[in-house]
Amino acid sequence: MSLYTEINTLTRDPIIGLTELFQKDSRATKFNLGVGVYLDKDGKVPVLESVKAARHLIDEHKDPSVYLPIRGLDVFCEHTKKLIFGAKHNNKQIITTQALGGTGALRIGAELLQRTRKIPFVVISNPSWENHRNIFESAGLKVDSYPYYDPKTNSFLLNSFLTFLKKLPKHTVVVLHANCHNPTGIDPSQEEWTEILDTIQRSDLVPFFDLAYQGFKHSLGQDSSVIKSFLEFDKPFLVANSFSKNFSLYGERVGALSVFTSSSDESARIQSHLKNVIRGLYSTPPTYGQKIVGEILSNDNLHTIWKSEIESMRTRIIEVRRLLVKTFEEQGLDKFSFIRNQHGMFSFSGLRKNHAFLLREKFGVYILDSGRICIAALNDKNLDYVANAISEVVQTEDIKTNSA
């Protein structure tokens, strides 16, 4: 009998699995709209000018690639805090630790929360990023989901969400997408956020903000405003932020975990546990990506260039949304007008699993079975083709439904 007899094959990851299918497709015309990567107008992952300049400066230094401190370098951590918290970044109750991207930050935070032995369970939005549940369950935490999205109206379920929150036991962790909700692209309004945060603090719940797309909705400062708002309550919360998208540094795995504590003594105790968790998982963080981000955030000139590049990416995504909706409307499909009001890289298109299958098999257009489309993967070269494919699939399925 094999040692691994009880190890069964798991369901493939929806995103990684789709990419594997895409790569096996031998057709010349094919488009992957499932992967969560920003692509430029030419359909390529951009190398930012600010990143090129930072790399040049780093190469000039000729520093050896030594082990970093377990929490990362102070200059990186402090400028990350400043980017997220703005003027409040000097608050001594906030501790920031470098992590392996946003995923690593979430996992480190999950391990810390598990050690408190006070967390009844974690709740994530329905739907949410596919990896959220896996991350927290892998840390030994129970995971449930809260109502967020109404597929019939393609809208946010505020009242249902608030009702759900009020019934949760104390210290339940609520995972919140700080902006550009993945996968729906639908965010609460400022007024709705006020109600949500007030309910969370009055119920003694613990928000865990996932900030993966800072700068992709409005601006760097405004996109972290919900986090700054909760800071005023002086209650525990965590933030996992990623630099993959807004620096186009996917493979460098640069992110950070920030934890709000009650005192300097508590900060020291938490920091010791974060170091212990990291030591057991991967010992010390990688150097190169962290140096690039740290160089840009600490250099006024490079920081200005970077902000301009983020604005260009954000503007392109907004324009692609507008053009996609316009193309649908020209084809008589007004049902997709809601896409214009979504935010960030993704759209919950309203397409179903059968639509996704037909798009993949007939047209070589790859989207997730959930209907999530990466808007940032569309451009002048493929937008019309994709829109036409979606139109044909939807209209064909509508005819079948009406004939049934």
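Here the structure is a predicted model, which means the values were calculated and not measured.
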Check your understanding: Which pair of non-hydrogen atoms, one from A178 and one from I227, has the smallest distance, and what is that distance?
Key -> CB-CD1, 4.2 Å

Practice item. Check the angle between the aromatic planes of H132 and W129 and answer parallel, tilted or perpendicular using the 30° and 60° thresholds. Key: perpendicular

Practice item. Any chance you could lay out the side-chain contact (heavy atoms from CB on, under 4.5 Å) test for I124 and R133, step after step, and finish with the verdict? Key: CA-CA 7 Å; I124 61 176; R133 180 178 293 275; 4.0 Å; yes

**Study point:** ring-ring contact (aromatic ring centres under 6.0 Å, His included) involving W306 - partner list, sequence neighbours excluded
**Key:** F247, H303

Practice item. Show your working on side-chain hydrogen bond (donor to acceptor under 3.5 Å, both in side chains) between E137 and N134 and close with a plain yes or no. Key: CA-CA 5 Å; E137 287 183 341; N134 180 39; over 6 Å; no

**Study point:** Min side-chain heavy-atom separation K275-S272 under 4.5 Å
**Key:** no

Practice item. State, without any angle test, whether R253 and S244 hold a side-chain donor-acceptor pair at a distance under 3.5 Å. Key: yes

Check your understanding: Do Q271 and T97 meet the criterion of a side-chain donor-acceptor pair at a distance under 3.5 Å?
Key -> yes

Check your understanding: Is there a donor-acceptor contact under 3.5 Å from the side chain of Y148 to the main chain of I186?
Key -> yes

Point to revise | S50 and E309: side chain donor to acceptor below 3.5 Å | key: yes

Review point. Would L220 and K307 count as a side-chain contact (heavy atoms from CB on, under 4.5 Å) if you check the C-alpha gap in whole Å, the side-chain angles of each, and the deciding distance to 0.1 Å?
Key: CA-CA 8 Å; L220 288 167; K307 286 171 62 177; 3.5 Å; yes

Practice item. Would you check, one step at a time, whether the test salt bridge (charged side-chain N to carboxylate O under 4.0 Å, His left out) holds for E49 with K52? Key: CA-CA 5 Å; E49 292 303 318; K52 291 179 184 177; 3.2 Å; yes

Check your understanding: Given R321 and S347, is the side-chain contact (heavy atoms from CB on, under 4.5 Å) satisfied, shown in steps?
Key -> CA-CA 9 Å; R321 283 189 183 279; S347 167; 3.8 Å; yes

Exercise for review: Measure the shortest side-chain to side-chain distance between F209 and N241 over non-hydrogen atoms and say whether it is less than 4.5 angstrom.
Suggested key: no

Check your understanding: After noting the C-alpha distance and the side-chain angles of D150 and T153, does the key distance pass the side-chain hydrogen bond (donor to acceptor under 3.5 Å, both in side chains) rule?
Key -> CA-CA 6 Å; D150 184 352; T153 61; 3.2 Å; yes

Review point. What orientation do F230 and F237 show, parallel under 30°, tilted 30 to 60°, or perpendicular over 60°?
Key: perpendicular

Check your understanding: Would you say L21 and R360 make side-chain contact, with heavy atoms under 4.5 Å?
Key -> yes

**Study point:** Worked check of side-chain hydrogen bond (donor to acceptor under 3.5 Å, both in side chains) between D187 and Q342
**Key:** CA-CA 8 Å; D187 294 334; Q342 295 171 343; over 6 Å; no

**Study point:** Derivation and outcome, side-chain contact (heavy atoms from CB on, under 4.5 Å), residues I375 and F346
**Key:** CA-CA 5 Å; I375 296 294; F346 304 112; over 6 Å; no

Check your understanding: Would the number of heavy atoms belonging to other residues, nucleotides or ligands and lying under 6.0 Å from CZ of R202 be above 12?
Key -> yes

**Study point:** Geometric cation-pi criterion, K30 with F22: 6.0 Å, 45°
**Key:** yes

Check your understanding: In this structure, are over 12 heavy atoms from other groups packed under 6.0 Å from F121 atom CZ?
Key -> yes

Review point. Can the ring centroids of Y385 and F31 be said to lie less than 6.0 angstrom from one another?
Key: yes

Exercise for review: Please test R269 against T261 for side-chain hydrogen bond (donor to acceptor under 3.5 Å, both in side chains), starting from the C-alpha separation and ending with a verdict.
Suggested key: CA-CA 10 Å; R269 287 187 283 114; T261 71; over 6 Å; no

Review point. According to the interplanar angle, ranging from 0 to 90°, do the rings of F348 and Y149 count as parallel (below 30°), tilted (30 to 60°) or perpendicular (above 60°)?
Key: perpendicular

Exercise for review: Hey, could you give me each pair passing ring-ring contact (aromatic ring centres under 6.0 Å, His included) that has a residue in residues 34-77? Not counting sequence neighbours.
Suggested key: F76-F243

Check your understanding: Is it the case that H177 and S128 place a side-chain donor and acceptor less than 3.5 Å from each other?
Key -> yes

Exercise for review: For S242 and A212, indicate whether the former's side chain and the latter's backbone hold a donor-acceptor pair under 3.5 Å.
Suggested key: no

